[in-house]
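What follows is a single structure, written as structure tokens, with notes after it.
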Amino acid sequence: MENFASLHYFYALVMLTGALYFFYLSRRPKDVPNYEYLVAILIPLWSGAAYLSIAFGQGVLEQPERTIYFARYLDWVVTTPLLLLALAFTAIIYTEKKSKTILFSLVAADVFMILTGLIADLSSGVVKYVWYVLGIIALLLILYIIWYPLRQIADRSGHKLSIHYRRTAAYLTCFWILYPTVWVLGPSGVGLTQQTVDVLAFIILPIFSKVGFSVLDLYGLRRLR
Amino acid sequence: MENFASLHYFYALVMLTGALYFFYLSRRPKDVPNYEYLVAILIPLWSGAAYLSIAFGQGVLEQPERTIYFARYLDWVVTTPLLLLALAFTAIIYTEKKSKTILFSLVAADVFMILTGLIADLSSGVVKYVWYVLGIIALLLILYIIWYPLRQIADRSGHKLSIHYRRTAAYLTCFWILYPTVWVLGPSGVGLTQQTVDVLAFIILPIFSKVGFSVLDLYGLRRLR
Amino acid sequence: MENFASLHYFYALVMLTGALYFFYLSRRPKDVPNYEYLVAILIPLWSGAAYLSIAFGQGVLEQPERTIYFARYLDWVVTTPLLLLALAFTAIIYTEKKSKTILFSLVAADVFMILTGLIADLSSGVVKYVWYVLGIIALLLILYIIWYPLRQIADRSGHKLSIHYRRTAAYLTCFWILYPTVWVLGPSGVGLTQQTVDVLAFIILPIFSKVGFSVLDLYGLRRLR
Ligand SMILES: CC1=C(/C=C/C(C)=C/C=C/C(C)=C/C=O)C(C)(C)CCC1
Ligand SMILES: CC1=C(/C=C/C(C)=C/C=C/C(C)=C/C=O)C(C)(C)CCC1
Ligand SMILES: CC1=C(/C=C/C(C)=C/C=C/C(C)=C/C=O)C(C)(C)CCC1
């Protein structure tokens, strides 16, 4: 393995800065419920710690032909449910009866998606792509829940929330589609792109889909009222 | 290991069919709360994926003397709490104040039971049976909760629910007692029965205790109102 | 490894006795909510099972230079969140709107603390102490939550609860500070103290911080009303 340690340290630093910034925002909550801030703070902290373990060489599995970054899945299995919860909380922010069934379905499909990704990364041949396709199906289910039941709830909660929800959901959708794309083109999949591209992509993407996402979501919510 | 792949593929297919059927039922919910359908759908999907990993040879640990099907525990650790929750939700369906203590105790005892089973399967000698007995104690606790506190709640919720609850709980009890029995007779325990019998049993049993159970539960609930 | 099996059996027995005693108390709950008893019973049962696995030689990783007791982390990752929940439930016992954000923060910081401890124990050199320091930061966060937001809630709930909460929180704080101290002095850290001291410390400490803590908490709560 080449040594990408400094890149991963840099990422951990960005995440820490993000967490501190959201903590700072939470001191003037402007009527945004405090769990929205909590989720925004926990996501980069957890992800930063996961990438730190990669920088230390502990979160990777060096195999003869390639390096498996399993700490990424450790990161995602915690942060992606939190991101979905943040989005869902935004949709149901004015709704009295919080639909636990929707929240539970989102988290279940998401955890399943990340697990299949991990198993796919550890598999080879046809089996790899069976797990990958199962992960894709879970992702489609998540996108369905985001764009149908949840969007309807947001739409019913007034024009301003509807606009904000749609923008945030669109942002999330764009970035989340890039993950399986980068994954399948890189060493985990068919191996078209090189290790370096893969490492860089999984450093740049999460900055946008974690810190960027929370900035978009929290600013929108703060402007709502 | 002999190749039981096709049997496990068959099982995965049955589970998929079950999930699709419960999804179909959920389109005409007939006043049954949507989380009852959600649980009925998640159980076979998860179990199907676990058995798929067995068919691929990934969910097993081949040891010199025998094969350990650890993916079974991965299946159970998720599906058995869901089955218990489904039963408990049925008991408390008309109850205003949902007793979280009962739900939490059920899930805690159940996860403990499955973990002890996994450790027992990986152990040998006396130690194996110590863990096994601890698992049995947890099972007895679960059955106690099902037949005392939960049954009382169901009984207080009217004659029709009481009948339905007792039938569903009896069905579950019968099948759940068979699991440790098959386990201890097979290669995981004393090794009286052969591998083939064991594999077949753990394909036939879960079809009844998962899909069969949910059919019984959902039909009963749909007929209630 | 020297054989400390009998010490660990003794611990498991103490835990079992504790659980049975709390079960006995729960039969005359004296207006204390039943989840307080449930938590007090689950903690020693889980911990006893974890130490049983150490006694069997399964919960340890024998390395050339030293023995890693990873089952301790398995114990802590379940019991420390439960201990914090017990304390938090005490603080908010009269509060109508239970603050889920506080509970969630406590559990998140705590699970993070235990995981960093496990990784630190498996690491060496500088990396070990980076993880250790991250764990310490999480502990400081936990203590902050206990002594600021939670204490304020307790204070607002009347003089008697305030006194009881402060005493229980002080007890917990003292013992929890000893854990990272013993850890870092022992073979997991700089290795000043010997294995025997370490094993003894991690048998004596948890008796006080688990059974002792629950006795203090439950007696106080029972006397409140
Ligand atoms: C569908 C799919 C995947 C999707 C992963 C996604 C959508 C990850 C999102 C991560 C985020 C948003 C991290 C935080 O920034 C995998 C696991 C790559 C491979 C299996 C198929
Ligand atoms: C008591 C006991 C067991 C019980 C297992 C059970 C009760 C499993 C139920 C599984 C179901 C219902 C699966 C879904 O269909 C083990 C782990 C075999 C061994 C340890 C002792
Ligand atoms: C801060 C810190 C630690 C703290 C552990 C604690 C506080 C454990 C408490 C355990 C209890 C209370 C068990 C039950 O009795 C570790 C993981 C040793 C090392 C990493 C830094």
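Because only heavy atoms are used, hydrogens play no part in the values below, and waters and symmetry mates are left out as well, while side chains stay in. Below, read A as the first sequence line, B as the second, and so on, with proteins coming before strands; counting in each chain starts at 1.
- No more than 12 heavy atoms of other residues, nucleotides or ligands sit less than 6.0 Å from atom CZ of C:F208.
- Remark: B:I102 CD1 to C:Y35 OH distance equals 15.0 Å, nearest 0.5 Å.
- Interface residue B:V130: only side-chain heavy atoms are found under 4.5 Å from chain C.
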For this session: Run the numbers on C:F56 and B:V126 for side-chain contact (heavy atoms from CB on, under 4.5 Å), then give the verdict.
Result: CA-CA 10 Å; C:F56 291 159; B:V126 183; over 6 Å; no
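- Within the model, atoms OG1 of B:T101 and CG of C:L38 stand 6.0 Å from one another, a figure rounded to the nearest 0.5 Å.
- Among all heavy-atom pairs drawn from B:F112 and C:A49, the shortest one is CE1-CB, 3.7 Å.
- Around atom CZ of C:F23, no more than 12 heavy atoms belonging to other residues, nucleotides or ligands sit under 6.0 Å away.
- Between atom CD1 of residue C:I41 and atom OG of residue B:S105 there is a gap of 8.5 Å, rounded to the nearest 0.5 Å.
- Here B:T116 contributes atom OG1 and C:L52 contributes atom CG; the two are 11.5 Å apart, rounded to the nearest 0.5 Å.
- Annotation: the span from C:L42 atom CG to B:F104 atom CZ amounts to 6.0 Å, rounded to 0.5 Å.
- Interface remark: B:S123 contributes backbone and side-chain atoms alike to the contact with chain C (heavy atom separation under 4.5 Å).
- For B:L122, no part lies under 4.5 angstrom from a heavy atom of chain C.
- Other residues, nucleotides and ligands contribute at most 12 non-hydrogen atoms within 6.0 Å of the CD atom of B:Q194.
- Contacts from residues 162-177 of chain B to chain C, taken as heavy-atom pairs separated by less than 4.5 Å, involve no residues at all.
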